[in-house]
Structure formats: structure tokens, C-alpha cells
Amino acid sequence: MGVWTRRTTIGLLLLLCFAVGQSQAARLQVNVRERGAVGDGVTDDTAAIQGAIDAVEEAGGGVVLFPPSEREYIVTKTLRIDAGNVELRGYGATIKLADHAGDDAAVDVLEVVGTEEARVDGVTMTGLTIDGNYWAQTNGGSPRCIDFDFATRAVVRDVHLKRGFVSMTFGKGCSQCTAIGCTATQWHNDAFNASGDGVSGACKSIAFIDCHARNAPNERDGGLPGSRDEAWEIEDGAQDVFVVNCSVENAGGKGFGVRNHDGYKTEITENINFINCSVRGVTGVGWRINSLTETNVTRRIRVLDCYSDAPVSLSGTVADAVISGRFDGGITIGSPGKTRPTRQIALRDLSTNALSIFGVDVELSNVAVVASGARAIELHDGSADVRMSGCTVTGATESGIRCTNASPLIANSIIWGNGRSFDLVGTSRPTVSHCCIEGGVPTQAADEGGNITADPQFVDAAAGNYRLRDGSPCIGAGLDLLRLAAKAGYLPGQDIEGHPRPTPPGSKPDMGAWESGR
């Protein structure tokens with residue numbers, strides 16, 4: 001959609017791999033089999049593996065090597081790393097929690113745990129499969145496949161995580177940690193988690209790159225017992241988190257979540273970034289961004305060049321969010337009856353099939369809403385300062401834009417091919433400038449001129465192509481960008497697909513989400 005280029009993504013990946021290129025003090029390599037591990041899927045290898053880890057820690061760093069094995073290395077207790085410069089390396093090897101090892105008490109498979117005064121630095125895990133074996137435990141709480149606390153510059157690379165209550169957590173005290181090329185399957189609650197545990201900034205500078213959560217359906221859909229929560233959970237004070245080129249597929253629950261719980265009073269979760277991420281085949285929403293209390297804040301959220309076939313929801317005390325991409329399940333901004341409503345939301349270079357707004361200070365720029373139901377855009381009672389520019393609204397069986405006691409600014413947009421263009425309820429009085437409106441500007445609206453009622457001449461509306469044909473009356477008929485910026489507070493230099501706007505430079509822009517090549 002033009003917001004994020006491949007070159008920019010590559011540069012960000014290089015920047016965000018905080019520890020991928022760090023030097024290992026690999027003064028020692030310890031093979032777990034030489035310490036007595038068997039890897040036959042039956043023998044308890046806990047002591048042998050922990051002994052190998054301890055030996056590397058005592059040497060000041062090195063590699064704990066797991067030779068490939070057709071059967072699992074079985075552990076009955078949590079493997080613990082509490083010193084830095086340790087790498088666990090095991091392409092073709094699986095560490096599995098034994099049946100009933102976590103009965104009546106949570107037992108993580110792997111923990112990297114330091115303290116606030118002495119954080120564990122430079123731990124790497126490469127190539128392993130970690131099997132949490134959650135459903136073979138009884139009353140075992142919430143065990144993780146891998147749990148990090150008070151760790152810096154940790155890297156988890158090419159690791160497969162399966163059957164955990166939570167697959168992997170970067171928790172309190174973690175910073176500059178990266179998961180890259182990892183896959184989570186068959187989780188119970190969450191796949192990937194970053195949490196400040198209620199302390200703002202206690203978990204920060206975290207990156208998930210090319211990570212994928214898939215194949216964890218709910219029990220009722222043929223999955224393992226119970227219901228899933230969400231694949232990604234970023235919460236409770238986590239800050240400066242980047243999720244890049246990641247996906248969720250075939251899973252119960254939600255896709256990507258950003259939230260604050262209601263058990264904390266004044267936490268701030270902020271600067272959370274999703275770039276080129278996708279959600280397909282989940283039972284819940286694709287993105288849920290919220291805060292469960294009005295004293296906590298979720299802010300500075302970016303969902304850029306992303307895709308979801310499930311709904312997207314922003315609610316509660318969420319502020320300063322930018323969203324771009326394609327969202328086939330619709331988008332809801334805000335919820336009714338909030339004293340501190342969702343605010344400062346920008347939808348840019350975006351397509352969707354339904355948009356519902358309760359929020360304040362909401363900007364729509366280069367947005368195409370091709371409705372799949374009765375209404376394309378609904379502005380509810382309580383929404384305010386909504387600004388639309390360069391939008392195409394079509395396909396609704398009842399109304400293109402329904403306003404209930406809401407008065408948006410609408411400029412340079414096309415509202416055509418709906419049951420009716422507007423449905424204005426109560427005190428609604430939109431301000432309309434330089435738009436193409438089927439049926440004309442409603443008498444209840446404020447007509448600021450430049451509006452037309454001629455057919456916009458879409459290339460092929462039946463096939464979903466809402467670009468403008470040569471000769472369309474909407475070409476070059478928009479308000480010039482400087483005057484538009486003064487009205488809408490945003491100056492778009494491109495259309496929904498990233499083409500320069502206006503074309504040619506110095507001309508007036510087209511109406512609608514697409515700029516013609518002229």
C-alpha cells in the first residue's frame with residue numbers, strides 16, 4: 001500500500017536484530033550426550049542437560065550442543081540458564097517436558113532468569129524444537145516452553161515451539177531481545193508474549209521477525225482441549241516492540257493483541273509496531289488493541305502494510321494509532337459510553353469492507369471501503385472530529401455513510417454505488433467538499449463546493465476495480481493538497497497504492513482512493 005517499502009523493511013531488520021550479530025565467548029562446547037543425555041524419548045535427561053549448561057556457565061560462555069535425534073530429550077524439571085554468553089544449539093533435536101512433570105505446579109521447559117541487579121546477557125537458542133507437552137500435565141498452571149525474565153540481548157533463532165500453555169515469553173526485565181525465524185504450534189493460551197508485568201517499560205526493545213503462529217484451533221474446531229486466547233500478546237507496560245513479517249494462521253482466539261489488564265493502575269504500553277504482518281483463519285479478531293481501564297494507556301501503535309481476514313478492533317484508552325493495509329473483516333474504532341474515548345487514530349492507504357467509528361480525532365486518508373453488507377461507514381453517537389479525504393465508499397446495500405449525531409469533514413472522496421449515499425440521523429451535519437456523490441450532497445449537510453453528481457466511471461466495479469477510467473469526471477477534480485491539508489490536517493503525497501498524488505505534479509488531485517496515471 002506504499003507506507004512501507006522493502007528497502008525500509010530490510011533496514012529495520014538490520015537495526016532490530018539487536019543481538020543477532022553479537023560475538024559469542026564460545027570458549028567451550030559441551031555435547032549433552034557426552035554428559036550422559038540419551039535422547040531416546042524415555043530416559044530423564046534433565047541432570048545431564050543442566051550439567052552441560054552449568055559447565056558452560058562456569059567457563060564464562062560457550063555452546064551446549066544437542067545432537068540430532070529421532071526421539072526427544074526428556075526433562076522432568078525446568079532447565080535454567082542464569083549466566084550470560086550461553087548458546088543452546090540443536091538443529092534436529094527436541095527437548096520435551098515429561099508426562100506429569102508439571103502436575104500441580106507449573107514447570108517451564110526452559111527459563112532464562114536473571115535479577116534486576118544482574119541481568120543475564122547474550123543467551124542464544126538455535127534450531128531446537130521445544131515441546132511443552134501441556135496436555136499431559138495435571139493442574140499445572142501456565143507453563144512456558146521458553147520464559148525470559150531480566151534478560152538482555154537474547155536471541156531465539158529457528159526454534160519450533162509446540163504444545164505450551166504459552167510458547168515463549170519475554171517478560172519483566174527483558175530488553176534488546178529478538179526472536180527470528182521461530183514457529184509456534186498447538187499452544188493453549190498464547191504463542192508469543194511480551195509483558196512488562198504491570199510496570200511501564202519493564203519489557204522493552206523486543207523484536208519478533210519472520211515468526212509464525214499456526215495450527216492451534218480450539219477444541220470445538222478439532223484442536224486440542226480448551227480454547228485459545230491469542231497468538232501474540234503484547235501487554236502491561238511493554239514498550240518499543242517490533243513485530244515484522246510475522247503471521248497467524250488456522251488458530252482459535254485472536255491474532256495479534258496489544259492490551260493493558262485491569263489489575264494495574266497506571267501502566268503505559270506504547271510504541272508497538274506491526275509491519276507486513278498477516279492474519280488468516282482465526283476464530284476471533286485479527287488485531288485487538290485496547291486498554292481495560294481508563295487509568296492505563298495504550299498508545300503509539302502502528303499496524304503498517306498488514307492483512308487480516310478477521311475484524312480489527314481498537315477500544316478503550318488507545319491513542320495515537322496508524323493503520324494501513326487490507327482488512328477484509330472490517331474495522332471498529334472505539335466503543336460506546338467511554339469518558340476517555342479512543343482517539344488520534346489514522347487510517348491511511350487502507351482497504352476494508354466495513355468501518356465503525358466511536359472515536360475522537362479520526363483521520364481517513366486514501367481509504368477504500370467496499371462494503372459487504374448494509375453499511376460501509378458508520379459514525380456513531382460520540383464520535384467527533386472525523387476527517388475523510390481521498391476515500392472511495394461503495395457497495396453498501398443500505399447506506400454508504402451513516403452518521404448518528406456526527407458531523408465529519410469529507411473531501412476529495414467518491415460515494416457511489418450504495419443503496420443511498422448518506423443516512424444522517426439526529427444532529428448530523430457533514431461538511432462536504434470536492435466529492436463525487438451519487439444523488440448529490442444531502443440538504444442536511446454543509447456544501448462547501450466542488451461537488452459533482454456524475455458517474456465516476458470506475459474501471460470495472462463488478463470485478464472490484466475502482467480505479468478511474470480515462471475521461472472520468474473525478475480526475476483532477478479534487479481540492480488541491482495544500483487546501484486539503486488545511487481542512488483535513490494531513491497532506492497525502494500518494495494514493496492508496498503508493499502512486500504519486502497528484503499526477504502530474506502541480507495539478508489537482510483526483511477524487512477517490514486511486515490517482516489515475518492521466
Side-chain angles (χ1 to χ4, degrees), residues 279 282-288 307-315 323 325-337 341-342 345 347 350-359 362-384 386-410 413-432 435-445 451 453 455-456 458 460-466 496 511-513:
V279 177
V282 300
T283 59
V285 299
W287 268 265
R288 184 187 68 167
Y307 171 79
S308 176
D309 61 9
V312 172
S313 171
L314 292 81
S315 62
I323 301 177
R326 177 180 165 187
F327 303 95
D328 291 343
I331 300 174
T332 299
I333 298 172
S335 53
T342 305
I345 310 301
L347 308 184
L350 178 150
S351 65
T352 187
N353 61 6
L355 180 57
S356 182
I357 300 174
F358 297 87
V362 179
E363 169 206 315
L364 284 63
S365 179
N366 298 336
V367 171
V369 184
V370 181
S372 58
R375 303 181 183 98
I377 299 176
E378 289 191 75
L379 276 64
H380 299 274
D381 196 355
S383 62
V386 178
R387 307 172 304 281
M388 296 175 52
S389 63
C391 297
T392 298
V393 181
T394 188
T397 57
E398 290 186 8
S399 55
I401 300 176
R402 176 183 170 89
C403 301
T404 302
N405 300 322
S407 301
L409 167 69
I410 307 172
S413 296
I414 298 173
I415 307 164
W416 196 274
N418 305 284
R420 59 178 178 269
S421 293
F422 285 91
D423 182 7
L424 302 179
V425 180
T427 60
S428 300
R429 192 171 188 268
T431 298
V432 185
C435 291
C436 177
I437 301 174
E438 188 170 13
V441 178
T443 56
Q444 193 173 330
N451 299 298
T453 59
D455 187 333
F458 296 131
D460 190 348
N465 187 342
Y466 296 98
I496 191 172
M511 296 175 178

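- A donor-acceptor pair under 3.5 Å is absent between the side-chain atoms of S313 and the main chain of R288, judged by distance alone.
- Side-chain atoms of S428 come within 3.5 Å of backbone atoms of A406 as a donor-acceptor pair (strictly under, hydrogens ignored).
- Of all the heavy atoms in T392 and Y466, the pair that sits closest is CG2-CB, 4.4 Å.
- Using a 4.5 Å heavy-atom threshold, the side chains of D328 and Y307 count as touching.
- Between A376 and G400 the shortest heavy-atom distance is CB-O, 3.2 Å.
- At least one donor-acceptor pair under 3.5 Å links the side chain of S421 to the backbone N or O of E438.
- When all heavy atoms of S315 and S335 are compared, the closest pair comes out as CB-OG, 4.1 Å.
- In this structure, E398 contributes its side chain and R375 its backbone to no donor-acceptor pair below 3.5 Å.
- Residues I410 and I401 are in side-chain contact: their nearest non-hydrogen atoms beyond the backbone lie under 4.5 Å apart.
- Looking only at side-chain heavy atoms (C-beta outward), V312 and T352 stay at 4.5 Å or farther from each other.
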*Trace of the side-chain contact (heavy atoms from CB on, under 4.5 Å) decision for D455 with W416*: CA-CA 8 Å; D455 187 333; W416 196 274; 4.0 Å; yes

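- Looking at T332, its side chain never comes within 3.5 Å of a backbone N or O of S356 through a donor-acceptor pair.
- One N or O on the side chain of Q444 and one on the backbone of G426 form a donor-acceptor pair closer than 3.5 Å.
- At distances below 3.5 Å, at least one donor-acceptor pair connects side-chain atoms of N418 with backbone N or O atoms of G395.
- In terms of modelled atom types and a separation under 3.5 Å, the side chain of S413 and the main chain of C391 share a donor-acceptor contact.
- Distance check: I331 CD1 to I323 CD1 gives 5.5 Å after rounding to the nearest 0.5 Å.
- Between R429 and T427 the shortest side-chain heavy-atom distance does not fall below 4.5 Å.
- Using a 4.5 Å heavy-atom threshold, the side chains of P430 and L424 count as touching.
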*Residue pair V369, L364: steps toward the side-chain contact (heavy atoms from CB on, under 4.5 Å) verdict*: CA-CA 11 Å; V369 184; L364 284 63; 5.6 Å; no

